[in-house]
Structures are given as C-alpha cells and as structure tokens.
Enquirer: 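Here it is, the structure in full.
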Amino acid sequence: GGIVGQVKYNSSVLNNINNGTVTSKSYGAGGIIATLETSEGLSKISGNVNNGAVQGEQKWIGGILAICNTSQNVISLEVSNNINNGNVGTEKGAFRVAGIIGNCNGATVVFNNINRGNIDGYGNMTAAESYGAGGIVGTKGGRVYIYNCFNSGNVKSKNFAGGIVG
C-alpha cells in the first residue's frame, strides 16, 4: 500500500494522502492500504486521498484498499469519506479491481466515497481471468452495504464491470 501494507484488528487509518505510484507484481496493490483483516471491534478507513496510479499484475487492486477480510456476522469495517483520483489497473489486466476497494469479504459499510480515476480490469487477459471491475468496489462477498458513493471514472472489464460494483 501507498501508506500501509497490512492492517489487522480494530485499527483506524485516517486522513492520509498518497501521491506516489503503487505497484505490485503479485497480489494486493492499494493506494492507501494493501490488505486489511479484522473480526474484532470496528476498524475505520476514512478521510484518505490517493492521487497516484495503482498497478498490479493479478488481482485485488484498489485505489484506497486492495482487499479486506472481515467478520461475516457483525459489521467490523467502515470505509467512508475517501477519494481516489488515480487510475487503477494494468496493461496486462487484472481482476477484482476498483477505485475504492478491489475485493471486500465480510460485513462492511462503504459510504460517502468518491472515485475519479479510470479502472482497467481488461488488459490482455482472457475473458475467464478478467472480471469484477467497479468504480467503488470490484467484487464483494458477504454483507457489504454501499451507499452515497460517486464514480466518474471509466470502468473496463471483460466480465462484470459496474460504475459502483463490478
């Protein structure tokens, strides 16, 4: 991640700015955070801004957060008031790619986020490999609540592309 590589359990990442390019040759590239895991308490990601390009060669690429794994039973992550201005994706293509969260698993609330960057999950991957590109969230599993988010970036994927959720 542009600010943090990995966040675990009942943590907050607040009011940070990344202006640099973030690149991963494997999994998990995030403009602010690469990976977040939590099942205890409430973790918050809020008020962060990513202005740099976020590039990855496989999966889980997000302008703010690449991947989150949270509790399936109680809301344990709140992602709010973040802005992504950077382009997300690669020429080679990627899946589970988005302006705010590339892949979100578990009970999470996502609100008041803005994506202005272009999202490219297409590249030169085969159709089976390229899926889940979204302006806000690329793919989601479990109870993910998304509201009052805005996307103005272009979103490309061979399968499952959406302005808000892929």
Side-chain angles (χ1 to χ4, degrees), residues 1-8 11-38 43-70 77-104 108-125 130 132-140 144 146-157 160-166:
I3 303 296
V4 181
Q6 184 178 41
V7 174
K8 287 195 168 198
S11 299
S12 295
V13 180
L14 308 172
N15 304 318
N16 298 285
I17 298 172
N18 175 50
N19 291 317
T21 297
V22 176
T23 303
S24 173
K25 296 291 182 183
S26 185
Y27 305 119
I32 302 296
I33 304 166
T35 304
L36 181 138
E37 293 180 34
T38 187
S43 291
K44 293 184 180 186
I45 300 171
S46 185
N48 299 288
V49 178
N50 176 56
N51 294 315
V54 183
Q55 304 167 349
E57 292 194 9
Q58 295 191 28
K59 60 183 175 179
W60 306 324
I61 306 169
I64 300 297
L65 171 63
I67 183 170
C68 64
N69 290 303
T70 68
L77 176 60
E78 180 181 287
V79 180
S80 63
N81 303 306
N82 298 288
I83 299 171
N84 176 56
N85 295 313
N87 293 331
V88 180
T90 69
E91 291 179 13
K92 292 183 178 184
F95 60 102
R96 299 178 179 171
V97 55
I100 303 298
I101 305 172
N103 186 55
C104 191
T108 301
V109 178
V110 180
F111 65 97
N112 296 342
N113 296 286
I114 297 171
N115 175 60
R116 295 185 185 111
N118 293 322
I119 310 303
D120 187 359
Y122 196 84
N124 61 12
M125 297 178 98
S130 176
I136 303 299
V137 175
T139 56
K140 67 179 197 71
V144 180
I146 302 168
Y147 62 95
N148 202 35
C149 291
F150 175 80
N151 172 54
S152 62
N154 297 318
V155 179
K156 295 191 313 183
S157 178
F160 310 115
I164 300 297
V165 179

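On a predicted model such as this, the values are computed, not experimentally measured, just so you know.
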Enquirer: Measure the CG-NZ distance between N69 and K8 for me, rounded to the nearest 0.5 Å.
Expert: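 If we round to the nearest 0.5 Å, N69:CG and K8:NZ are 10.0 Å apart.
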Enquirer: How far does CG of N15 sit from CG of N82, to the nearest 0.5 angstrom?
Expert: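 These two atoms lie 9.0 Å from each other.
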Enquirer: Calculate, to the nearest 0.5 Å, the distance between atoms NZ and SG belonging to K140 and C68 respectively.
Expert: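 Output value for this atom pair is 11.5 Å.
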Enquirer: Run the side-chain contact (heavy atoms from CB on, under 4.5 Å) test against N85 and tell me which residues pass, sequence neighbours left out.
Expert: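 N85: side-chain contact (heavy atoms from CB on, under 4.5 Å) contacts with V49, N51, I83, R116.
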Enquirer: Working to the nearest 0.5 angstrom, can you tell me the gap between L77 CG and L65 CG?
Expert: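 It is 7.0 Å, given to the nearest 0.5 Å.
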Enquirer: Going by salt bridge (charged side-chain N to carboxylate O under 4.0 Å, His left out), name the pairs with one or both residues in residues 43-56, residues two or more places apart or in two chains.
Expert: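 Pairs touching residues 43-56 that pass the test: none.
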Enquirer: Under the rule for side-chain contact (heavy atoms from CB on, under 4.5 Å), what residues qualify as partners of N87, not counting sequence neighbours?
Expert: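 Scan of N87 (side-chain contact (heavy atoms from CB on, under 4.5 Å), adjacent residues dropped) gives N118.
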Enquirer: Can you name the closest pair of heavy atoms from G132 and S157 and give their distance?
Expert: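 Minimum heavy-atom separation between G132 and S157: N-OG, 3.9 Å.
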Enquirer: Quick one: are I64 and N113 in side-chain contact, heavy atoms under 4.5 Å?
Expert: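 No, too far: nothing below the 4.5 Å cut-off.
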Enquirer: Could you tell me which non-hydrogen atom of A34 sits nearest to which non-hydrogen atom of G1, and how far apart they are?
Expert: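 That would be CB-N, 3.6 Å.
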Enquirer: Can you see which heavy atom on S43 is nearest to which on L36, and at what distance?
Expert: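 Smallest interatomic distance, heavy atoms only, reads CB-CD1, 4.4 Å.
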Enquirer: Considering residues at least two apart in sequence or located in another chain, which fulfil the side-chain hydrogen bond (donor to acceptor under 3.5 Å, both in side chains) criterion with S11?
Expert: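 S11: no side-chain hydrogen bond (donor to acceptor under 3.5 Å, both in side chains) contacts found.
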Enquirer: Holding to side-chain contact (heavy atoms from CB on, under 4.5 Å), I want the full list of residues that pass it with F150, two or more places apart in sequence or in another chain.
Expert: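 Only I114, S152 meet the side-chain contact (heavy atoms from CB on, under 4.5 Å) criterion with F150.
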Enquirer: With sequence neighbours excluded, what pairs up with N84 under the side-chain hydrogen bond (donor to acceptor under 3.5 Å, both in side chains) test?
Expert: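 Checked N84 against side-chain hydrogen bond (donor to acceptor under 3.5 Å, both in side chains); matches are N50, N115.
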Enquirer: Counting only pairs under 3.5 Å, give me each side-chain donor-acceptor contact of residues 96-103, with atom names and distances, residues two or more places apart or in other chains.
Expert:
unit_1, atom_1, unit_2, atom_2, d
R96, NH2, Y131, OH, 3.1
N103, OD1, T139, OG1, 2.3

Enquirer: Return the set of residues passing side-chain hydrogen bond (donor to acceptor under 3.5 Å, both in side chains) with N148 (not counting sequence neighbours), or none when no residue passes.
Expert: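 With sequence neighbours excluded, N148 shows a side-chain hydrogen bond (donor to acceptor under 3.5 Å, both in side chains) to N112, given in chain and number order.
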Enquirer: Would you verify whether the NZ or CZ of K59 falls within 45 degrees of the ring axis of Y27 while also being under 6.0 Å from that six-membered ring's centre?
Expert: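 Verdict for Y27: a cation-pi partner in K59.
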Enquirer: Going by the rule side-chain contact (heavy atoms from CB on, under 4.5 Å), which residues pair with V13 if we only count those two or more places apart in sequence or in a different chain?
Expert: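 In terms of side-chain contact (heavy atoms from CB on, under 4.5 Å), with neighbours along the sequence ignored, V13 is linked to V7, N16, I32, I33, N48.
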Enquirer: For C104 and V137, which heavy atoms make the closest approach, and how far apart are they?
Expert: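 In terms of heavy atoms, the two residues are closest at CB-CG1, 4.5 Å.
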Enquirer: Examine distances only and state if a side-chain atom of N18 and a backbone atom of G31 form a donor-acceptor pair shorter than 3.5 Å.
Expert: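 Such a contact is found between N18 side chain and G31 backbone.
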